[in-house]
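By convention here, the first residue in the shown sequence is residue 1. Side chains are part of it too, since the values below use all heavy atoms of this structure and drop only hydrogens, waters and symmetry mates.
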Amino acid sequence: MNVFLTLAFLFFIGSIMGWILELFFRRIISKGEWINPGFLVGPYLPLYGFGLCIFYLLSQIKIDDSVIILLIMTATVTGIEYIAGLIFIKGMGVKLWDYSNNWGNVDGLICPLYTLFWGILATIYYYFVSPYVLTSLSWLADNLAFSFFIGFFFGVIIIDTIYSTNLIVKIRKFAIENGLVVKYEEFKSSILQQALKNKEKYSFIFAISNNVKTIEKHINAYMKLQFKRTDKIKRTINLFLKDKVKLKQKGEKNESSSSESEESERNS
């Protein structure tokens with residue numbers, strides 16, 4: 001079978017299924033908000049598409065120990081996730097995902113928990129998908145309609161990438177001016193909250209307007225939200241430290257009273 005068509009189809013399936021997975025995952029962790037996941041506006045996440053292609057290519061390696069193959073798959077996709085995250089942070093001033101609150105994270109871009117998730121996906125692919133991929137896709141190699149569909153899909157992604165990159169460049173401008181890294185999912189959530197608060201229309205797909213003034217307004221609202229969260233954390237820390245100081249002073253006072261009582265007893 002044509003390897004290019006196989007990879008193209010796997011990229012398509014992985015991108016779509018990854019978007020659906022992330023959509024419902026964010027629905028759960030965001031307590032009911034429907035947030036369009038990812039950098040592109042369309043219903044696909046290229047990271048998952050690349051991940052599925054990598055699973056396919058690595059599964060072709062002739063190694064008897066399947067555990068080693070699964071470890072290589074997991075490590076490779078985790079590495080790609082880290083590199084992709086760095087590219088957006090360093091080049092665009094945008095953080096597409098954030099694992100900063102997860103144990104063992106590296107720059108908030110990868111962490112053991114999500115590496116485990118990649119390992120689970122690799123295992124599912126290796127044992128339940130890979131044995132049937134070539135059989136299921138063999139007829140597609142000579143199917144002209146399929147080739148046209150795949151070409152159309154990649155054409156849409158290219159257009160989407162150009163549009164979304166232009167959008168990110170505009171966001172980056174305001175991010176640099178204000179000295180912050182925009183957490184993309186939080187930014188979209190902030191826009192949703194603004195729309196609900198002001199009873200404005202909210203677009204799930206085009207959540208972020210391409211209008212410069214509108215982006216500036218959203219960035220300012222996002223910054224205020226960040227400042228509120230920072231102040232809340234500071235207040236919590238200050239209250240915690242004050243309680244610690246009070247407990248320490250109380251303990252020292254009790255020790256002092258106990259010492260005085262003992263000394264009084266000895267003198268009597």
Side-chain angles (χ1 to χ4, degrees), residues 2-27 34-59 73-99 107-111 114-115 117-122 124-125 129-130 133 137 140 146-172 181-188 204-208 210:
N2 189 305
V3 176
F4 174 77
L5 282 178
T6 300
L7 292 175
F9 181 76
L10 289 174
F11 181 86
F12 164 73
I13 292 296
S15 298
I16 298 292
M17 296 304 294
W19 184 86
I20 294 172
L21 178 66
E22 290 284 344
L23 177 67
F24 283 95
F25 179 73
R26 277 159 175 70
R27 166 77 174 182
W34 288 108
I35 303 295
N36 185 9
F39 156 61
L40 302 175
V41 299
Y44 29 72
L45 288 177
L47 179 62
Y48 284 85
F50 284 118
L52 192 55
C53 289
I54 288 168
F55 289 162
Y56 167 76
L57 293 172
L58 293 178
S59 67
M73 286 180 174
T74 303
T76 303
V77 179
T78 299
I80 289 176
E81 182 181 29
Y82 181 73
I83 293 170
L86 276 182
I87 289 173
F88 276 94
I89 290 176
K90 302 296 184 182
M92 300 293 185
V94 169
K95 202 169 191 177
L96 294 184
W97 58 86
D98 186 17
Y99 304 150
D107 297 328
L109 298 175
I110 56 174
C111 70
Y114 286 89
T115 296
F117 288 162
W118 282 120
I120 292 172
L121 291 176
I124 292 172
Y125 173 82
V129 179
S130 181
V133 167
L137 302 179
L140 295 173
F146 168 73
S147 300
F148 173 79
F149 176 76
I150 289 296
F152 177 78
F153 170 74
F154 278 93
V156 170
I157 278 193
I158 290 171
I159 294 172
D160 194 338
T161 300
I162 294 171
Y163 172 85
S164 300
T165 301
N166 180 52
L167 191 60
I168 287 286
V169 168
K170 292 177 181 178
I171 294 173
R172 178 178 180 270
V181 173
V182 176
K183 296 179 181 178
Y184 216 52
E185 301 300 333
E186 281 190 0
F187 186 44
K188 289 180 180 178
F204 174 76
I205 296 296
F206 296 98
I208 305 173
N210 209 12

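- The distance from atom CD1 of Ile80 to atom CZ of Phe50, rounded to the nearest 0.5 Å, is 8.0 Å.
- In summary, the side chains of Tyr82 and Asp107 do present a donor paired with an acceptor at a separation below 3.5 Å, with no hydrogens or angles considered.
- Here the closest non-hydrogen pair linking Thr74 and Ala122 is OG1-CB, 4.2 Å.
- Looking only at side-chain heavy atoms (C-beta outward), Asp160 and Tyr44 come within less than 4.5 Å of each other.
- Here the CD-CD1 distance, from Glu186 to Ile35, works out to 11.0 Å after rounding to the nearest 0.5 Å.
- Note that CE of Met73 is 13.0 Å distant from OG1 of Thr78, once rounded to the nearest 0.5 Å.
- At distances below 3.5 Å, not a single donor-acceptor pair connects side-chain atoms of Thr165 with backbone N or O atoms of Ile162.
- Side chains of Leu109 and Lys95 form a contact here, defined as non-hydrogen atoms less than 4.5 Å apart.
- Every residue was checked against the salt bridge (charged side-chain N to carboxylate O under 4.0 Å, His left out) condition with Lys188, not counting sequence neighbours, and none meets it.
- The minimum heavy-atom distance linking Ala8 with Ile150 is given by the pair CB-CG2, 3.5 Å.
- Across Gly14 and Tyr48, no two heavy atoms sit closer than the pair O-CB, 3.2 Å.
- Side-chain contact between Phe206 and Tyr163 is present, with at least one heavy-atom pair separated by less than 4.5 Å.
- Side-chain atoms of Leu52 and Phe11, non-hydrogen and from C-beta on, never get closer than 4.5 Å to each other.
- Side-chain contact between Leu45 and Leu21 is absent, with no heavy-atom pair separated by less than 4.5 Å.
- Under a cut-off of 6.0 angstrom, the local environment of CZ in Phe24 is sparse, with at most 12 non-hydrogen atoms contributed by other residues, nucleotides or ligands.
- The OG atom of Ser15 sits 10.5 Å away from atom CG of Leu10, with the distance rounded to the nearest 0.5 Å.
- Annotation: the span from Ile120 atom CD1 to Thr115 atom OG1 amounts to 11.0 Å, rounded to 0.5 Å.
- Distance alone, capped at 3.5 Å, places no donor-acceptor pair between the Trp118 side chain and the Ala75 backbone.
- The nearest pair of heavy atoms linking Phe39 to Thr161 is CZ-O, 4.3 Å.
- By the 4.5 Å heavy-atom criterion applied to side chains, Asn36 and Trp19 are counted as neighbours.
- In this structure the side chain of Phe55 reaches within 4.5 angstrom of the side chain of Leu121, judged on heavy atoms.
- Only one option out of Ile168, Val181, Leu167 pairs with Val94 in a side-chain contact (heavy atoms from CB on, under 4.5 Å); it is Ile168.
- Two residues are said to be in side-chain contact when any heavy atoms from C-beta on lie closer than 4.5 Å; Tyr56 and Tyr125 meet this criterion.
- Side-chain atoms of Arg172 come within 3.5 Å of backbone N or O of Gly91 as a donor-acceptor pair.
- Remark: Glu185 pairs with Arg26 by the salt bridge (charged side-chain N to carboxylate O under 4.0 Å, His left out) rule, at least two apart or across chains.
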- Step-by-step ring pair (Phe, Tyr, Trp, His ring centres under 6.0 Å) determination, Phe88 to Tyr184: CA-CA 10 Å; Phe88 276 94; Tyr184 216 52; 8.2 Å; no

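- Separation of atoms CZ (Phe12) and CD1 (Ile16) is listed at 5.0 Å; rounding is to 0.5 Å.
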- Can Tyr114 and Phe117 be said to form a ring pair (Phe, Tyr, Trp, His ring centres under 6.0 Å), step by step? CA-CA 5 Å; Tyr114 286 89; Phe117 288 162; 5.3 Å; yes

